[in-house]
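Side-chain atoms are counted along with the backbone in the values below, which use heavy atoms only and exclude waters and symmetry mates.
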Amino acid sequence: MELLHSGKVRDVYLDGNDLILVASDRVSVYDVVLPTPIPGKGAVLTQLSLWWFDQLKDVVPNHVISTDVPAEWAGRAIRCQRLRMAPVECVARGYLTGGGLSEYRQTQSVSGIALPPGLVDGDKLPEPIFTPSTKATEGHDEPISFTQVEEIVGADQAKTLKDLTLEIYRRGADLAAERGIIVADTKVEFGWAPDGTLVLADEVLTSDSSRFWPADEWEPGRSQRSYDKQFVRDWATSTGWDKQAPAPEIPDEIVKATQARYIEGYERLTGNTWLNGQL
């Protein structure tokens, strides 16, 4: 088995013609890997992705072959197809926060899409919007317009990526709303199979690729409590860290609180009880 790539939070191995995608317990904020892992995080996110892939299988095919992986990665890895990955990050936003809010405050728009005046942190948008970004090999991904996506992948493929991203977001947001969770935004990745089929890849609607907020606590104009790594991001910011490596160690109480948020999000969304012995 060959290690093809070790990313900020995932490791990718080649096993024959298949890929083994292993989710680690590493946590990354502001594109910097923090020195302290969140035990069990990779398993929670893998199981949540598998659940979502099943929910969305009538919307778009996915890259999952099986969960038949080496024993040491059981529960945290997926055997999947090798794809030619789309060279853009596909992001859907239903609420204004994070980088989208920063861009809106400067331009009254996000990724070239004009938005109403007077919006505040956490506001629901009139309708979900597609806000793609570059897929940087180093440094930060940068927002791009839909026109730029068309220039990168062609008009037809750009429309397909946009339509599928928004449909995945709407399906996910509607299902999550039934369970008392707001999906504020999400990032999805696509690739093309050898036969040209567009396939949903990587992870989907997890606590690392999305912002999940408790619906009964939602209050625009402030930061929202979340079931995702925003909790760690907020803690890291509060330390005065300059967002450059090396990052600070995460205190034990923050590690445990982060674990609890990941698990609560998984359990509320899936209706399953988390039984992983690590946690």
Side-chain angles (χ1 to χ4, degrees), residues 4-5 7 10 12 17-19 21 45 48-65 78-96 98-100 103-104 109-115 124-137 140-177 183-206 208-212:
L4 289 184
H5 176 69
R10 284 180 191 77
V12 183
N17 293 322
D18 302 341
L19 294 182
L21 190 65
L45 298 192
L48 184 55
S49 263
L50 287 168
W51 185 82
W52 277 116
F53 281 130
D54 189 57
Q55 304 302 311
L56 297 165
K57 62 188 178 185
D58 65 324
V59 176
V60 59
N62 61 69
H63 68 159
V64 177
I65 296 172
I78 299 172
R79 180 177 295 274
C80 53
Q81 289 179 281
R82 194 171 191 179
L83 308 171
R84 177 172 61 88
M85 298 302 293
V88 295
E89 300 278 11
C90 295
V91 180
R93 300 177 189 272
Y95 293 74
L96 188 63
E103 188 178 347
Y104 169 79
S109 65
V110 181
S111 292
I113 302 168
L115 295 176
K124 186 175 183 178
L125 300 176
E127 62 181 5
I129 59 175
F130 179 61
T131 62
S133 67
T134 59
K135 189 179 285 187
T137 54
H140 299 280
D141 297 333
E142 298 294 336
I144 55 177
S145 67
F146 180 67
T147 299
Q148 289 172 290
V149 178
E150 292 180 312
E151 293 169 355
I152 294 169
V153 300
D156 289 346
Q157 293 287 12
K159 182 179 186 303
T160 300
L161 291 174
K162 175 183 176 180
D163 291 348
L164 279 176
T165 300
L166 290 173
E167 179 61 17
I168 288 166
Y169 173 78
R170 291 189 183 101
R171 288 283 194 103
D174 287 349
L175 195 152
V183 181
D185 53 40
T186 196
K187 178 188 77 174
V188 292
E189 295 211 32
F190 297 96
W192 289 277
D195 65 359
T197 302
L198 188 64
V199 174
L200 180 60
D202 196 42
E203 62 180 328
V204 59
L205 288 161
T206 72
D208 268 15
S209 65
S210 317
R211 286 185 172 91
F212 295 142

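In this structure, Leu200 and Val188 have side chains that are in contact, with non-hydrogen atoms separated by less than 4.5 Å. Within the 4.5 Å cutoff, no side-chain heavy atoms of Val60 are placed close to those of Leu198. Put simply, the side chain of Leu96 reaches to within 4.5 Å of the side chain of Val110, judged on heavy atoms.
Considering all non-hydrogen atoms of both residues, Leu83 and Ala201 come closest at CD1-CB, 3.7 Å. The two residues Ser210 and Leu205 come nearest to each other via the heavy atoms OG-CA, 3.3 Å. Closest approach of Trp51 to Leu175, counting heavy atoms only: CH2-CD2, 3.3 Å. When all heavy atoms of Thr165 and Leu161 are compared, the pair lying nearest together is OG1-O, 2.7 Å. Nearest approach of Tyr169 to Ala92, heavy atoms of both residues: CB-CB, 3.5 Å. Arg93 approaches Leu125 most closely through the heavy-atom pair O-CD1, 3.6 Å.
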Apply side-chain contact (heavy atoms from CB on, under 4.5 Å) to residues Leu50 and Val64 and explain how you reach the verdict. CA-CA 8 Å; Leu50 287 168; Val64 177; 4.1 Å; yes
Kindly determine whether Ile168 and Phe190 satisfy side-chain contact (heavy atoms from CB on, under 4.5 Å), including the steps that lead there. CA-CA 12 Å; Ile168 288 166; Phe190 297 96; 3.8 Å; yes
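Atom CD1 of residue Ile65 and atom CZ of residue Arg79 lie 7.0 Å apart, to the nearest 0.5 angstrom. The line from CG of Leu19 to NE2 of His63 is 9.0 Å long, rounded to the nearest 0.5 Å. We find the CZ-CG distance between Phe212 and Asp185 to be 9.5 Å, quoted to the nearest 0.5 Å.
The ring pair (Phe, Tyr, Trp, His ring centres under 6.0 Å) check on Tyr95 picks up Trp213, Trp218, with sequence neighbours excluded. Applying the salt bridge (Lys or Arg N to Asp or Glu O under 4.0 Å) criterion to Arg82, with sequence neighbours excluded, gives no partner residue. For Glu103, the salt bridge (Lys or Arg N to Asp or Glu O under 4.0 Å) test picks out no residue, with sequence neighbours left out. Residues satisfying the side-chain hydrogen bond (donor to acceptor under 3.5 Å, both in side chains) criterion with Asp208, sequence neighbours excluded, are Lys41, Tyr262. Remark: Ser49 engages Phe53, Glu203, Val204, Thr206 in a side-chain contact (heavy atoms from CB on, under 4.5 Å) (not counting sequence neighbours). Legend: residues meeting side-chain contact (heavy atoms from CB on, under 4.5 Å) with Glu189, ordered by chain and number and at least two apart, are Met85, Glu89, Lys135, Lys187, Asp202. Partners of Asp195 by side-chain hydrogen bond (donor to acceptor under 3.5 Å, both in side chains), not counting sequence neighbours, listed by chain and number: Thr197. In this structure, Lys124 has no salt bridge (Lys or Arg N to Asp or Glu O under 4.0 Å) partners at least two apart in sequence or on a different chain. For Phe130, there are no ring pair (Phe, Tyr, Trp, His ring centres under 6.0 Å) partners, not counting sequence neighbours.
Among residue pairs with one or both ends in residues 162-173, those qualifying as salt bridge (charged side-chain N to carboxylate O under 4.0 Å, His left out) are Asp58-Arg171, Lys159-Asp163, Glu167-Arg171; sequence neighbours excluded.
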Quiz: residues 146-157 side-chain donor-acceptor pairs under 3.5 angstrom, not counting sequence neighbours:
| from | atom 1 | to | atom 2 | distance (Å) |
| --- | --- | --- | --- | --- |
| Gln148 | OE1 | Ser145 | N | 2.7 |
| Gln148 | OE1 | Ser145 | OG | 3.3 |
| Gln157 | OE1 | Trp192 | NE1 | 3.4 |

